[in-house]
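Please read all numbers here as calculations on a predicted model, not as lab measurements. Chain letters run A, B, ... following the sequence lines, proteins first, then strands; residues in each count from 1.
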Amino acid sequence: MSNESTHFIRARIEADRAAGRWGGRVATRFPPEPNGYLHIGHAKAICLNFGLAAEYGGTCNLRFDDTNPETEDPEFVDNILADVRWLGFEPTAVFYASDYFAQLYAWAEQLVRDGKAYVDDQSMEAIRANRGTVTEPGTPSPWRDRSVDDNLALLRQMKAGDFPDGSRVLRARIDMAHPNMKMRDPLMYRIRHAHHYRTGDAWCIYPMYDWAHGQSDAIEGITHSICTLEFDVNRELYDWFTAALGFAEPPNQLEFARLNLTSTVMSKRFFKRIVADGFVDGWDDPRMPTLAGLRRRGVPAEALRAFAERVGVAKANSVVDLGLFEFTIRDVLNHQARRRMGVLDPLEVVLTNWPQGQVTPLEAADFPADVGLPGSRTVPMSGRVFIERSDFAVDPPDGWRRLRPGGEVRLRYGYVIRCDEVVEGPDGQIAQLRCSVDLDTLGKGTAGRKVKGVIHWVSADHAVPAEVRLYDRLFTTDEPGAGTGDYLADLNPNTLSVKAAFLEPSVTADAPGVRYQLERHGYVYRAPEDADRGLVFNRIVGLKDTFGAKEERDARDDGDDAEVPAPAVVDPRAQAEAQARIKAQARLDHFTAHPEAEEAFQELVTAGASDDEAWTVASDPRLVALVRGAAGIADIGAVARWIANTLVAEARDRGLDALPFDGAALGRLVALVEAGTLNARLGKQVLAELLDKGGDPKAIAEAHGWIQVSDTDALGSAVAAVMAGAPDEVARYKAGEKKLLGFFMGQVMAATGGKANPGLVRTMLQQALDA
RNA sequence: UGGGGCGUCGCCAAGUGGCAAGGCACCGGGUUUUGGCCCCGGCAUUCGCAGGUUCGAAUCCUGCCGCCCCAGCCA
């Protein structure tokens, strides 16, 4: 199926393995808090963590992040474990953060002894107020500089239960003015005289998430701690704690975007609300996006896994079309679910020329030929059948392939029938169809006339009654609450439709838990939960319905043609001018405070640098020194251009301090490029090495043989060779695909080790190609 | 607004200096005893915008715009 893409987490793991980090080990974990049921969003995280571990021969633990005694419940522990197993994963080990409380506490004392944590007596309100805001720094607590001994004594008293809830906390001593709010002396412990479902009353102080999580990862030897995007601000703190404790090879946190689906809300608050309001029957209601709900609905675990793979893993917030999930379910079930016939809304059909009292067993394959799976069952045929009411129309629309007065249609796996008479009931509704059957059409085509329509049916005398429940999505819009902010207002009032259906009798042979495709309807599941009520089926998902979709579209097109507002047009020239003004003003402001920068700026502009380039260099004294060092060696404008466009990027990782070369060396490099000894690419390579080890540009170039080739004979043969090796591309180019010039350029440059004179090659290539 | 993250087709998503992958959706056509499945073809002269560097830019530089996250003793 999908050849799994190398998303950024896989790429990171592979890089780590290549670098030999953690001895090449891969250890992940899935860390739910046991305070609710898992939903389809969690399925993505589960598949990611367990999948990656399996892929790299690693381990994946299930760890309950149970650090908050007030919200957690053992009921959820069991259900979460069941959900994970149902999804098809077996944890390497099942752990609980609460098992680490003693270790965590010991480490907390260590941080106190190291002066890296302190007990704060401020009230919750005071702590909040003193945290500052995103734009203002916080103010240090008056208790921030207590002695180690006092802190230790107080922490022990906290642990011993000497203080009431909320009276004191333990905080990490980091920086109350830190730009990252998470780093402003974050809380490590709070006092809660609460009963924990696992540790009982052993503790009255409980660790906060940030304090517990990374350390729990470290205890378990996790290598890649994968979490969702909103925790990326926590990573700095995660790293601070593991560094403060001095772990040799601390785990790394990686964040990916959580799954969002159209027409779906995934929050515990929402789930609780609709369960409490009776909108659905419980957390495991088949309409719920919880794993329990999806399982009860009949969605196979394999579909969840395939879906997780299909949506990908990235860092961009996104909303996946619910249709993709439905497609994935069908894709999986198409090859698993045997076909059966069932009529949800019956219309009686009497076959007027059927031999009186005869019952004919018809063989029907379990799967159509294209699926290619074996098996069959027999379907009894008699003189009175039910067909779907929607498969008959007195006045059908264009393109109708089903039954109509006087029209013909094939009964699936059976005969062709013709509608001779429509019998109306007293209410004017169609009560019965009287049809004639062509007994010569079983298993063969129809001579001379084409019958396009095939409809499903059941023998009225043999069909078994069953309940089939059709579910609709929970919301009427793709983006619940988009306009109003109140997603409850967009709840779909009609999410359940219970059908008194008639199914072919063979379904009684299967036990609850089976999935069928009810032909032309969709996939259904006989939920074990409802087994005691007889034949009860949930429709998992409908079949793709191109005819119905078209009709719907036609109906909509007849309605209002909403005017699409024209996008605001931005005049590029105006934007460029506005930008120039903004930049100029920023420079002016900077120059007022730094007159020496203005001096350098003017100097560079005079020497021929553009304003932007001059500004980039002038705003950093280290760059100014560099460019001045090149004076008299190369054109100053060119040097400024190299610094602004290339050096800045190349030096980004290592920083600008203590460069292993001076301005003169840079000047000599630029001069080599100016003289044509090096082309731009070669120049960049030399610069990279200069940055790495220093040295003389010319010597570096010569040592590698990096000298630009401008010899037309040598270049000519390279061009010819490339063209000879790519006849298809040459033909396409000649046919007008001029953009392929870049492809040829790349080939020639690669063939010459990047040494060719690109301007020359381009000209020669064009000549040769246009010849 | 301080810090951080992210902008590639209607929705996801590859791509990290050399021909804009793939899937869903959509539009044609073929096949069909499921208006399903399957098959073939069409779907981004352009990567948030604007300048610049380069022979060559989605990718490098500069600026701007937009969306998301952080001010729980929740996780």
Side-chain angles (χ1 to χ4, degrees), chain A residues 2-3 5-7 31 33 35 65 67-68 71 124 127-128 131-138 165-166 169 178-182 184 187 189-192 208-209 213 229-234 236 255 257 262 310-312 314-321 323-324 327-328 330 334 339 368-371 399 401-402 410-414 443 451 453-456 517 519-520 543-548 550 570 572 575-576 578-580 582-583 586 610 612-613 615-616 641 644-646 648-649 679-681 729 732 737 739-747 749-750 757-762:
Chain A
S2 60
N3 38 350
S5 64
T6 73
H7 52 71
E33 183 188 11
N35 71 346
D65 217 344
T67 56
N68 185 350
T71 58
M124 205 197 301
I127 287 177
R128 199 196 312 271
R131 189 143 33 213
T133 69
V134 291
T135 51
E136 306 153 44
D165 285 2
V169 291
H178 202 287
N180 179 351
M181 298 289 296
K182 293 282 183 211
R184 319 246 259 228
L187 274 54
Y189 278 103
R190 74 283 215 184
I191 300 173
R192 284 283 173 283
M208 300 291 291
Y209 165 83
H213 202 87
L229 231 41
E230 67 268 25
F231 289 99
D232 72 338
V233 288
N234 299 60
E236 195 171 5
E255 313 87 22
T262 58
R310 226 185 282 254
V311 297
K315 297 195 75 154
N317 283 318
S318 60
V319 183
V320 175
D321 192 333
L324 180 62
F327 168 84
T328 307
R330 289 186 203 111
N334 183 36
R339 312 293 127 120
D370 53 77
V371 173
R401 304 226 293 248
R402 283 108 96 151
R410 180 181 290 277
L411 298 182
R412 171 120 243 230
Y413 306 116
V451 177
V454 178
I455 63 173
H456 59 272
Q517 183 198 98
E519 293 204 50
R520 306 211 303 134
L543 253 29
K544 185 180 176 186
D545 179 12
T546 45
F547 185 71
K550 186 182 177 307
V570 183
Q575 184 180 346
Q579 263 176 34
I582 291 167
K583 283 180 182 178
S610 74
D612 279 352
E613 286 154 4
W615 164 248
T616 302
R641 188 152 56 240
N645 287 299
T646 310
V648 171
N679 62 24
R681 175 194 293 222
E729 283 78 7
R732 278 162 60 200
E737 256 187 89
K739 68 176 179 189
L740 283 173
L741 190 63
F743 162 75
F744 291 113
M745 279 297 299
Q747 297 281 303
M749 293 307 287
N757 178 327
L760 218 47
V761 171
R762 190 184 189 85

From the candidates G2(B), C73(B), C64(B), the one with an atom nearest any side-chain atom of Ile582(A) is C64(B)
Among A75(B), G35(B), A71(B), the one nearest any side-chain atom of Arg520(A) is G35(B)
Out of U33(B), C70(B), C49(B), minimum distance to the side chain of Met181(A) belongs to C70(B)
Expected label for G72(B) (glycosidic angle, syn inside 90° of 0, else anti) would be syn
Between CG of Asn234(A) and C1' of G72(B) the distance, given in whole Å, is 12 Å
Regarding Arg184(A), tell me which of base, sugar-phosphate or nothing describes its non-hydrogen contacts under 4.0 Å with the strands shown.
nothing
In whole angstroms, the gap separating P of G56(B) from CE of Met745(A) amounts to 9 Å
Judged by nearest nucleotide, the residue sitting upstream toward the 5' end of RNA chain B, Ser610(A) or Gly742(A), is Gly742(A)
**Request:** Check whether any side-chain heavy atom of Glu729(A) lies under 4.5 Å from a side-chain heavy atom of Gln747(A), and answer yes or no.
**Result:** no
Do the side chain of Asp370(A) and the base of G36(B) come within less than 3.5 angstrom through a donor-acceptor pair of N or O atoms? yes
(request) With heavy atoms under 4.0 Å as the rule, sort Phe744(A) into base, sugar-phosphate or nothing. (result) nothing
* Asked: So what does Gly399(A) hit on the nucleic acid, given a heavy-atom distance under 4.0 Å: a base, only sugar-phosphate, or nothing?
  -> base
pair_partner(G7(B)), Watson-Crick or wobble, both distances < 3.5 Å, evaluates to C65(B)
Looking only at G36(B), C55(B), G7(B), the nucleotide nearest the Thr546(A) side chain is G36(B)
Re U31(B): Watson-Crick or G-U wobble partner, both distances kept under 3.5 Å, found to be none
Do Met181(A) and Arg131(A) have side chains that get closer than 4.5 Å, going by heavy atoms? yes
In whole angstroms, the gap separating C1' of C68(B) from CZ of Phe231(A) amounts to 15 Å
Discussion item. Would you measure the distance from the P atom in G4(B) across to the matching atom in G56(B) and give it in whole Å?
Written reply: 33 Å
Are the side chains of His213(A) and Asn234(A) in contact, using a 4.5 Å heavy-atom criterion?
no
Partner of C37(B) under the Watson-Crick or G-U wobble criteria, both distances under 3.5 Å, comes out as none
Of Glu729(A) and Leu324(A), the one whose closest nucleotide on RNA chain B sits nearer the 5' end is Glu729(A)
Below 4.0 Å: OP1/OP2 of C68(B) and any side-chain N or O of Ser318(A): no
Requested in this report: Assign Asn645(A) to base, sugar-phosphate, or nothing according to its heavy-atom contacts below 4.0 angstrom with the strands shown.
Outcome: base
- Stacking here means centres under 5.5 Å and planes under 30°; does Tyr209(A) stack on A75(B)? no
Under 3.5 Å donor-acceptor pair, Arg402(A) side-chain atoms to G35(B) base atoms: yes
Taken to the nearest whole Å, CZ/Arg732(A) to C1'/U45(B) is 14 Å
From the candidates A20(B), G35(B), A14(B), the one with an atom nearest any side-chain atom of Lys739(A) is A20(B)
Between CD of Glu255(A) and P of G5(B) the distance, given in whole Å, is 9 Å
Determine the contact category for Lys544(A): base if any of its heavy atoms lies under 4.0 Å from a base atom, sugar-phosphate if only primed atoms, P, OP1 or OP2 are that close, otherwise nothing. sugar-phosphate
Note to self: Whether Arg762(A) contacts G56(B) is assessed here as follows: a side-chain N or O lying under 4.0 Å from the phosphate OP1 or OP2. Is that the case?
What the structure shows: no
Please work out if Val134(A) contacts a base, only the sugar-phosphate, or nothing of the nucleic acid, heavy-atom cut-off 4.0 Å.
-> base
Base, sugar-phosphate, or nothing for Glu33(A), non-hydrogen atoms under 4.0 angstrom? sugar-phosphate
note: Gln517(A), atom CD; U34(B), atom C1'; distance rounded to Å ~ 7 Å
*asked:* In the structure I gave you, are the side-chain heavy atoms of Phe743(A) and Glu737(A) within less than 4.5 Å of one another anywhere?
replied: no
### Task
Please determine if a side-chain N or O atom of Arg131(A) lies less than 4.0 Å away from the OP1 or OP2 oxygen of C73(B).
yes
base_contact_polar (U54(B) base, Arg681(A) side chain, donor-acceptor, <3.5 Å)
no
Report task. Could you tell me whether the phosphate oxygens of G2(B), OP1 or OP2, come under 4.0 Å of any side-chain nitrogen or oxygen in Thr133(A)? Result -> no
Which part of the nucleic acid does Lys315(A) contact within heavy-atom distance under 4.0 Å: base, sugar-phosphate only, or nothing?
sugar-phosphate
Describe the nucleic acid contact of Met208(A) in one word from base, sugar-phosphate, nothing, applying a heavy-atom distance below 4.0 Å. sugar-phosphate
With heavy atoms under 4.0 Å as the rule, sort Thr71(A) into base, sugar-phosphate or nothing.
nothing
*asked:* Could you check whether the side chain of Glu613(A) and the base of U62(B) have a donor-acceptor pair of N or O atoms closer than 3.5 Å, going by distance alone?
replied: no
Regarding the side chain of Arg339(A), the nearest nucleotide among C6(B), G36(B), C12(B) is G36(B)
**Study point:** Sugar-phosphate, base or nothing in reach of Glu519(A), heavy atoms under 4.0 Å
**Key:** base
In whole angstroms, the gap separating C1' of C55(B) from CG of Asn679(A) amounts to 9 Å
Of the listed A75(B), G5(B), C73(B), the closest approach to the Asp232(A) side chain comes from G5(B)
pair_partner(A58(B)), Watson-Crick or wobble, both distances < 3.5 Å, evaluates to none
When we call it a touch if two heavy atoms are under 4.0 Å apart, what does Val451(A) touch: a base, just sugar-phosphate, or nothing?
nothing
Check whether any side-chain N or O of Arg401(A) sits under 4.0 Å from OP1 or OP2 of U33(B), and answer yes or no. no
Taken to the nearest whole Å, CG/Asn68(A) to P/C74(B) is 6 Å
Phe327(A) has its side chain closest, among C24(B), C12(B), U34(B), to C24(B)
Among C12(B), A71(B), C73(B), the one nearest any side-chain atom of Lys182(A) is A71(B)
- Distance below 4.0 Å between Arg310(A) side-chain N/O and C11(B) OP1 or OP2: no
Looking for any heavy atom pair under 4.0 Å, which part of the strands does Gly453(A) touch: base, sugar-phosphate only, or nothing?
nothing
Discussion item. So Gly138(A), base contact, sugar-phosphate only, or nothing? Heavy-atom distance under 4.0 Å.
Written reply: nothing
